[in-house]
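One-based numbering, in listed order, for ligands and for the atoms of each. This chain uses plain numbering: 1 for the first residue, then up along the sequence.
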Amino acid sequence: MTRIVADATRCVGAGQCVLTDPATFDQDGASGVVVLLRAAVSDEGLALARAAEYLCPGRALSLVE
Ligand code: SF4
């Protein structure tokens, strides 16, 4: 499993993570700030989570092995 860390202070609420990996990411309905739906991803889910990390315009996401 790979742990996912989201830095809410860097999140600009763009929603790219939700569009890319809706099983892992959501957004707060009021603020738009990222909400993690799970704290870690298995190997099967890693590609989508990595794509979300790469696409995040705020550089708010990181994956910790
Ligand atoms: S893509 Fe990045 S900036 Fe946009 S909502 Fe997700 S974590 Fe926040």
Closest protein heavy atom to atom 3 (S) of ligand 1, given as residue, atom name and distance to 0.1 Å: Val12 N, 3.3 Å

Show your working on side chain to side chain contact (heavy atoms under 4.5 Å, CB included) between Ile4 and Leu63 and close with a plain yes or no. CA-CA 5 Å; Ile4 304 170; Leu63 302 183; 3.7 Å; yes

Can you list the ligand 1 atoms lying under 4.0 Å from a non-hydrogen atom of Cys56? 1 (S), 2 (Fe), 3 (S), 7 (S)

Which ligand 1 atoms does Gly15 reach within 4.0 Å, using its non-hydrogen atoms? 4 (Fe), 5 (S)

Determine, step by step, whether Thr24 and Val41 satisfy the side chain to side chain contact (heavy atoms under 4.5 Å, CB included) criterion, reporting the C-alpha distance in whole Å, the side-chain angles of both residues, the deciding distance to 0.1 Å, and the verdict. CA-CA 8 Å; Thr24 304; Val41 289; 3.9 Å; yes

Applying side chain to side chain contact (heavy atoms under 4.5 Å, CB included), run through Phe25 and Val35 and close with a yes or a no. CA-CA 6 Å; Phe25 302 100; Val35 174; over 6 Å; no

Can you tell me if an N/O/S atom from Cys17 lies under 2.8 Å from atom 6 (Fe) of ligand 1? yes

Between Leu37 and Pro22, the two heavy atoms sitting closest are CD1-O, 3.3 Å

Which pair of heavy atoms, one from Ala51 and one from Thr20, lies closest together, and at what distance? CB-CG2, 3.8 Å

Provide the number and element of each atom of ligand 1 under 4.0 Å from a heavy atom of Ala14. 4 (Fe), 5 (S)

Please list the nearest protein heavy atom to atom 8 (Fe) of ligand 1 with its residue and the distance rounded to 0.1 Å. Cys11 SG, 2.3 Å

Apply side chain to side chain contact (heavy atoms under 4.5 Å, CB included) to Cys17 and Leu55, showing your working. CA-CA 7 Å; Cys17 54; Leu55 292 169; over 6 Å; no

Part of Leu61 within contact of ligand 1 (heavy atoms, under 4.0 Å): side chain

